[in-house]
**Q** 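I am attaching a structure below and will ask some questions about it afterwards.
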There are 2 protein chains.
Amino acid sequence: MLFHSTWTSLPRPHSFSEFGMTAESNPSISLNEFTYRRGREIYGEKEPADYVYQVMSGAARSYRLLSDGRRQISAFHLPGDIFGLGNGVHRFTTEAVIDTAVRLVKRESLETLANNDNALVKNLLCMTTTNLQHAEDHLLLLGRKTSMERVAACLIEMDGRLIAAGVLALPMTRRDIADYLGLTIETISRSLSCLRELGVLHFMDNNQRHVVIMDRNKLAELDRQN
Amino acid sequence: MLFHSTWTSLPRPHSFSEFGMTAESNPSISLNEFTYRRGREIYGEKEPADYVYQVMSGAARSYRLLSDGRRQISAFHLPGDIFGLGNGVHRFTTEAVIDTAVRLVKRESLETLANNDNALVKNLLCMTTTNLQHAEDHLLLLGRKTSMERVAACLIEMDGRLIAAGVLALPMTRRDIADYLGLTIETISRSLSCLRELGVLHFMDNNQRHVVIMDRNKLAELDRQN
DNA sequence: CGAACGATTGACGTTTCTCAAGGCTGGTGG
DNA sequence: CCACCAGCCTTGAGAAACGTCAATCGTTCG
């Protein structure tokens, strides 16, 4: 296999160490590391939120289900991303998309620190605001964009976050993308085929999840922003 | 007119005074009050975010536009709601849905206070988390619910927030509702007609925005949650 | 009073979904 | 080493949901 699971990413705006939350500076904080195999649940909806996570490698998806099985993925968590914030109880199920390593911090110790550390709370506020902005962008996509615009926007987003040797190597399946974009796998597939025919994309040999983006400008044009 | 613009609401989880931000306790904070007429812009997308607002009476809508005019309303702000949070620049345009009175606080003074007041930052974090949760619920609605489920969910939401003499008096037009739910005005209208035929709703004489909900259970059933 | 606006309804069009078939890939066990 | 199977992706044909266009009606506001 050519691009053997090297899921790297661009630097993210936040990280545990930015909290001053390294083991050195805060011996009270234990930065455990843990690995989840592909498809494994990291936490479930309605479970008490005991930990906050940071992706070290791999990818995770957070989603909610309707009673008849319809699924909406609200976000993919890529290396560097912090997830599991919020208060009290998890509102999503989160699973490993592929084998995924995470660091985890006990929420309890985080909250204890937060009582005295104004900068830490500000950092939490900043991260939550970032999550809110992502959700708000996604509202516009789900409410008002066509299937082509959604797929183009998704590729642009992933292109900005997943870098592997110039090839956009998507860890998620068509089903994941469909449930992220509020579409079906068939519509995703057709949109991608269309983009390939237009000369905007190129699939690498033998793996439809390894994508070469031929024309970023055209892609941005197909997602009529603003 | 029967239910003359008495747009009241249930108590909201947060308010400026909860900050300890009354004029008495913090003379440095000026709680100006201002009124916007129906349809007037309170702030525009990309404008510097100089103020934070609390609705005293009326209603406001926050939205974004695509270049061809498609609009997505991300939230309605009802009495008690605080809006305009975030950092630096507004990401939405916000307008008065009807004549609307707001209190406003200078962001600058808020940030100055926040440097020393841990509880205030925590309060901001809590409000931002509330906004995030609302957006996340809306993602599921926009990505995976049918038109009937969306309209039912919207009525349930508004019923929980707008109370006027036992009648759900909607301040917003069909267009606003459509752009909130990612549908068209015709689809909203047909869904509401269907609900009326089902005996779930009843429109008050001479005003289609004054709705009596006949059967809340049926309505909740039509929005298949979870 | 007339014009503008908002809502409803019907006929029809388009997009997206559903259902079904087939191909490719990777893993497993004989 | 190869055959087989399961999972994932693609493609096509037809169906369904929702959007578009157009006509009509009532209300509001100069």
**Q** Hey, is the main chain of B/E136 close enough, under 3.5 Å, to the side chain of A/H138 for a donor-acceptor pair?
**A**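 No: the side chain of A/H138 does not pair with the backbone of B/E136.
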**Q** Compute the ring centroids of A/Y51 and A/Y43, then answer whether they are less than 6.0 Å apart.
**A**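 No, too far apart.
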**Q** Expressed in angstrom and rounded to an integer, what is the separation of A/R209 atom CZ from D/dC8 atom P?
**A** 7 Å
**Q** Between A/D99 (side chain) and A/R37 (backbone), is there a donor-acceptor pair under 3.5 Å?
**A** no
**Q** Only counting residues at least two apart or in another chain, list the ones meeting side chain to side chain contact (heavy atoms under 4.5 Å, CB included) with B/A101.
**A** B/E33, B/T35, B/M56, B/S57
**Q** Rounded to whole Å, how long is the line connecting atom CG of A/L195 with atom C1' of D/dT10?
**A** 15 Å
**Q** In whole angstrom, give the distance that lies between atom CE of A/M204 and atom P of C/dT25.
**A** 14 Å
**Q** Separation of A/N207 atom CG from C/dG23 atom C1', in whole Å?
**A** 15 Å
**Q** Going by the rule side chain to side chain contact (heavy atoms under 4.5 Å, CB included), which residues pair with A/S74 if we only count those two or more places apart in sequence or in a different chain?
**A** A/S62, A/F92, B/L139
**Q** Do A/D81 and A/R161 meet the salt-bridge criterion of a basic N to acidic O distance under 4.0 Å?
**A**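 A salt bridge links A/R161 with A/D81.
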**Q** Taking salt bridge (Lys or Arg N to Asp or Glu O under 4.0 Å) as the test, write out the residues that go with A/E149, two or more places apart.
**A** A/R224, B/R70
**Q** Has A/R107 got a side-chain atom pairing as donor or acceptor with A/N87's backbone, closer than 3.5 angstrom?
**A** no
**Q** Starting at CG of A/D176 and ending at P of D/dC8, how long is that distance when rounded to a whole Å?
**A** 9 Å
**Q** Nearest whole Å is fine: how far is C/dT25 C1' from A/R174 CZ?
**A** 14 Å
**Q** Take the protein atom CZ of A/R175 and the nucleotide atom P of D/dA6, then report the distance between them rounded to whole Å.
**A** 19 Å
**Q** What is the per-nucleotide protein-contact pattern of nucleotides 11-22 of chain D, from the 5' end, where B denotes a base atom under 4.0 Å from a protein heavy atom, S denotes such proximity for sugar-phosphate atoms only, and - denotes neither?
**A** BBB----SSBB-
**Q** Mind grabbing the angle between the end helix axes of the helix from C/dC1-D/dG30 to C/dG30-D/dC1? Five pairs an end, 10° rounding.
**A** 30°
**Q** For A/L181 and C/dC17, what is the distance between atoms CG and C1' respectively, to the nearest whole Å?
**A** 15 Å
**Q** Mind checking side chain to side chain contact (heavy atoms under 4.5 Å, CB included) for B/T128 and listing every partner two or more places apart, or none if nothing turns up?
**A** A/L125, A/T128, A/T129, A/L132, B/L85
